[in-house]
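Chain A is the first sequence line, chain B the second, and so forth, proteins listed ahead of strands; every chain is numbered from 1. As the structure is a computational prediction, the values presented were derived from the model and not from experiment.
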Amino acid sequence: MYRESGYGADFFVPIQYDEKKCIGCNLCVDICQVDVLLPSERKGENPIVAFPGECWYCGSCVMACKTDAIRLVHPLMNQVRWVEKDSLGSSL
Amino acid sequence: MKKNEWPYELKYGEKKEYSCDVLILGGGIAGCMAALGAREKGLNVILVEKGAVAASGAGGSGCDHWESAATNPCSKVTPEELVDMMLRDNKGFNNGISHYIECREGYDRLLDIEKMGGKIRDTEDEFKGADFRDEDSKLMFAYDYKNKFTIRIWGTTFKTAMAKELKRVGVNVVERVMVTSLLTDQGKVGGKVVGATGIHTRTGEFMVFKAKASVMAMSRPARIWLFNPAMVGLSEFRPTQCIGSGHAMGWRAGAAFNMMEKSVRAEFSAAGKSYPPYGAGNNHNTWYPASILDANGKTVPYADRDGRILTDYKDRCLPANGQKFFMKGGGIDGGIYEIEGPETISVEGNPEYKLPLYADLSDLPELERKVIWGMMVGEEGKTKVPILKNYTKAGFDPEKHVLQCYGSGWKSATFLSDERQLFGLPGGFMNDWHLKSNLEGLYVAGDALFASDCYGHAAATGHYAGRHAADYVKEAYEENENGTSEFTRGEISQAQVEAEWTRVLKPVMKLESGYSANQGYRWQEVNMAISKTMQHYCGEVRTEDMLNTGLAQLERIEAELSERSIADNPHELTRLLEVMDILTVSKLIIQASKARKYSVAPLCFTRGDEAKEQRKDQTFLVIKKTEDGIDAREVALDYYGDLKTNYEEFNKEYIEAEGARHV
Ligand SMILES: Cc1cc2nc3c(=O)[nH]c(=O)nc-3n(C[C@H](O)[C@H](O)[C@H](O)COP(=O)(O)OP(=O)(O)OC[C@H]3O[C@@H](n4cnc5c(N)ncnc54)[C@H](O)[C@@H]3O)c2cc1C
Ligand code: SF4
Ligand code: SF4
């Protein structure tokens with residue numbers, strides 16, 4: 001049995017599925033080397049992000065998906081900052 | 001809490017047996033090339049991989065540089081010159097044999113991968129006219145544009161191509177199986193390796209692989225000192241499931257290891273502290289030679305090794321006056337004087353520069369900008385989706401925006417001195433000129449070897465180990481059927497198989513038999529305990545007393561683990577078995593540290609209790625487990641002899657055949 005929650009890891013959501021686009025082919029499940037994803041119980045539905053904390057953010061699942069149904073997002077703490085070059089110095 | 005059914009069929013009590021000539025353990029770059037190298041010799045080959053070969057391993061999701069391609073038609077350096085510098089850069093604490101193979105054969109492997117369908121040159125003329133492109137071959141180079149030995153590659157195309165090739169040539173690929181132990185002749189420590197065991201990561205089925213020779217290609221250990229249970233996948237730079245099982249099972253079987261006392265202060269992508277690799281501002285690797293600006297928009301200048309400020313951006317990719325070539329990339333931050341490359345000046349503590357710094361591509365010529373943002377960031381592992389695609393979608397425009405830096409160099413984080421990592425060129429399996437370990441029948445490739453790193457190195461040593469393992473099988477089994485050779489055929493011990501089967505299944509069987517889930521340890525808790533122990537007892541400065549106490553502490557954890565660890569399903573079981581391997585590797589590191597009685601700077605190894613008078617000449621310290629204890633011996637740093645002479649002596653057939661192969 002796997003537990004959907006109960007891991008400290010659950011507060012990260014690296015993978016978001018677009019239910020409308022996903023055709024439930026499980027290509028993403030079978031490419032992930034970490035085995036983060038599990039096939040859905042119901043045929044045709046998007047997979048389950050069973051072990052989110054184990055994701056190493058490689059993007060292989062997104063590259064494998066033929067319907068562009070996956071969004072991979074870095075955790076908030078890892079979202080980096082960029083600014084317009086022209087703004088440098090101006091506010092300082 | 002919602003409980004779902006495990007979606008895969010559970011096969012805990014079942015066992016499957018396989019048999020082959022050459023068994024490949026791990027299907028990263030090294031393992032794939034090893035399988036192909038052995039298969040080319042006409043043998044029956046099985047490759048076992050924990051993930052899916054099409055995207056597994058450190059290079060599974062991409063790679064943007066192919067280093068040390070000294071034999072490509074544009075290169076102006078020889079393999080001998082390159083390896084000489086690699087050895088000198090590490091004061092001799094490096095793997096002369098494997099890096100020579102990398103420099104001699106790496107480019108051959110790149111051509112192989114191109115034939116399989118990997119993209120290695122600018123066939124669409126996207127970068128026509130760029131300084132880094134050779135117009136005839138359409139190869140594109142990085143760093144040193146004069147000497148042209150590092151090739152820019154479209155690495156996201158490589159592993160899918162390799163997976164197809166394995167299928168095409170008839171390698172039997174067994175995926176989603178975690179190899180758990182090496183089987184030795186009669187189960188003896190130090191005996192010939194006659195196969196391996198594994199467990200299916202989705203069904204829990206147990207597997208036994210019988211082989212005449214095996215190639216270890218499971219890369220290097222991780223999560224020894226650094227672990228964060230909430231973000232396991234961000235605990236280290238390498239893929240979550242690559243934690244050094246190969247080292248653990250090799251140690252248990254009696255394989256010899258070199259440089260395992262080496263560790264560095266953590267520097268990259270660890271414990272969740274770093275910002276995304278290649279996704280924060282920097283001017284290293286993928287991002288070389290980006291400009292760096294301070295918070296006022298002032299340029300931080302590049303200087304050559306002599307401190308001469310480089311005003312023309314073109315000089316960032318050329319050797320200094322009087323310098324033959326420079327080296328960048330891989331693990332090299334600041335090399336020795338001879339090969340030190342251009343670098344932005346250090347601004348730490350300099351009040352003229354205001355933090356934070358930013359990486360700027362906007363002032364580079366268009367093709368330089370396009371090759372960094374679009375090709376390199378895109379082809380490098382872990383960049384195509386989370387960096388290139390996501391940043392672009394969020395509005396990042398390299399002509400207009402500058403990306404913030406979060407640390408000096410490429411680090412993107414800062415760490416404490418006891419937070420260590422096996423990074424750069426860490427310890428690993430000791431090898432000879434066949435890339436054979438000390439155990440008969442066991443060959444080693446890629447980052448499992450001591451002092452190893454890089455994609456091209458993994459490909460080159462993989463193919464080499466695969467074909468030498470195949471030669472051994474042919475010679476020992478086929479040509480010497482009349483019994484003239486001294487080799488031992490070896491036999492699998494059923495007792496060893498049974499004991500391993502019981503060991504690996506124990507944590508799930510406990511729950512199956514009604515053991516209360518609240519009484520047991522889960523893998524995350526154990527990994528935490530190990531990394532804390534290692535930081536405390538085996539950190540930057542090591543002493544005999546602390547190492548002994550640390551070892552006792554690990555043994556206590558190990559006893560608890562064996563009695564009380566639990567796992568709910570095959571996935572968690574895999575993670576738990578990994579942590580058991582992390583524990584074994586931690587013990588190996590402590591043993592290697594105990595054997596080394598004095599500090600060695602190139603190994604970043606500090607003994608706090610060294611007896612000055614004990615200091616000896618610098619040598620390798622090679623250690624292994626025996627039937628009755630631990631054996632440590634000194635080996636000369638240049639044990640491999642003259643590189644060119646020996647390489648040619650051991651590879652006559654290859655040298656002859658290869659000449660004809662790629663025309
Ligand atoms: C993000 C990133 C970017 C990089 N970029 C570059 C670059 O641009 N240029 C460069 O030269 N190098 C680069 N490197 C380094 C390079 O990718 C590695 O040195 C190289 O891929 C190592 O190859 P390998 O086959 O030895 O190990 P890996 O590719 O890591 O393969 C090991 C394989 O063994 C499998 N395995 C592990 N344990 C078990 C087990 N118990 N049972 C079964 N299978 C197991 C793993 O699943 C994995 O597939 C990069 C590394 C990373 C992480
Ligand atoms: S690969 Fe794409 S379509 Fe297929 S299951 Fe995954 S998300 Fe759905
Ligand atoms: S990003 Fe990589 S590790 Fe994460 S779920 Fe996708 S394939 Fe798996």
Asker: Apply the test salt bridge (Lys or Arg N to Asp or Glu O under 4.0 Å) to residues B/E399 and A/K85: give CA-CA distance (whole Å), side-chain angles for both, the deciding distance (0.1 Å), then the verdict.
Answerer: CA-CA 9 Å; B/E399 288 184 39; A/K85 185 180 175 181; over 6 Å; no
Asker: Rounded to the nearest 0.5 Å, how far does OG1 of B/T201 lie from CD of A/Q33?
Answerer: 12.0 Å
Asker: Quick one: CD on A/E84 to OG on B/S362, what's the gap to the nearest 0.5 Å?
Answerer: 11.5 Å
Asker: Counting heavy-atom pairs closer than 4.5 Å to chain B, which one of A/V62, A/V83, A/D30 comes out on top?
Answerer: A/V83
Asker: Are B/P386 and A/V73 packed together at the side-chain level, in the sense that at least one heavy-atom pair is separated by less than 4.5 angstrom?
Answerer: no
Asker: Ring centres of A/W82 and B/Y391 under 6.0 Å apart?
Answerer: yes
Asker: For the backbone of A/V34 and the side chain of B/T240, can you confirm whether one donor and one acceptor N or O come within less than 3.5 Å of each other?
Answerer: no
Asker: Hey, what do you get for CG (A/N78) to CE (B/M231), rounding to the nearest 0.5 Å?
Answerer: 8.5 Å
Asker: Looking at B/R202 and A/D35, would you say the former's side chain and the latter's main chain have a donor-acceptor pair under 3.5 Å?
Answerer: no
Asker: Counting distance only, does the side-chain N/O of B/K382 pair as donor-acceptor with the main-chain N or O of A/W56 below 3.5 Å?
Answerer: yes
Asker: Who wins among A/V36, A/I70, A/L72 for the most heavy-atom pairs under 4.5 Å with chain B?
Answerer: A/L72
Asker: Could you state the interatomic distance from CD (A/Q79) to CG (B/N390), rounded to the nearest 0.5 Å?
Answerer: 8.5 Å
Asker: Report yes if some heavy atom in the side chain of A/R81 is under 4.5 Å from a heavy atom in the side chain of B/Y406; otherwise report no.
Answerer: yes
Asker: Measuring from B/K384:NZ to A/S60:OG, what's the distance to the nearest 0.5 Å?
Answerer: 11.0 Å
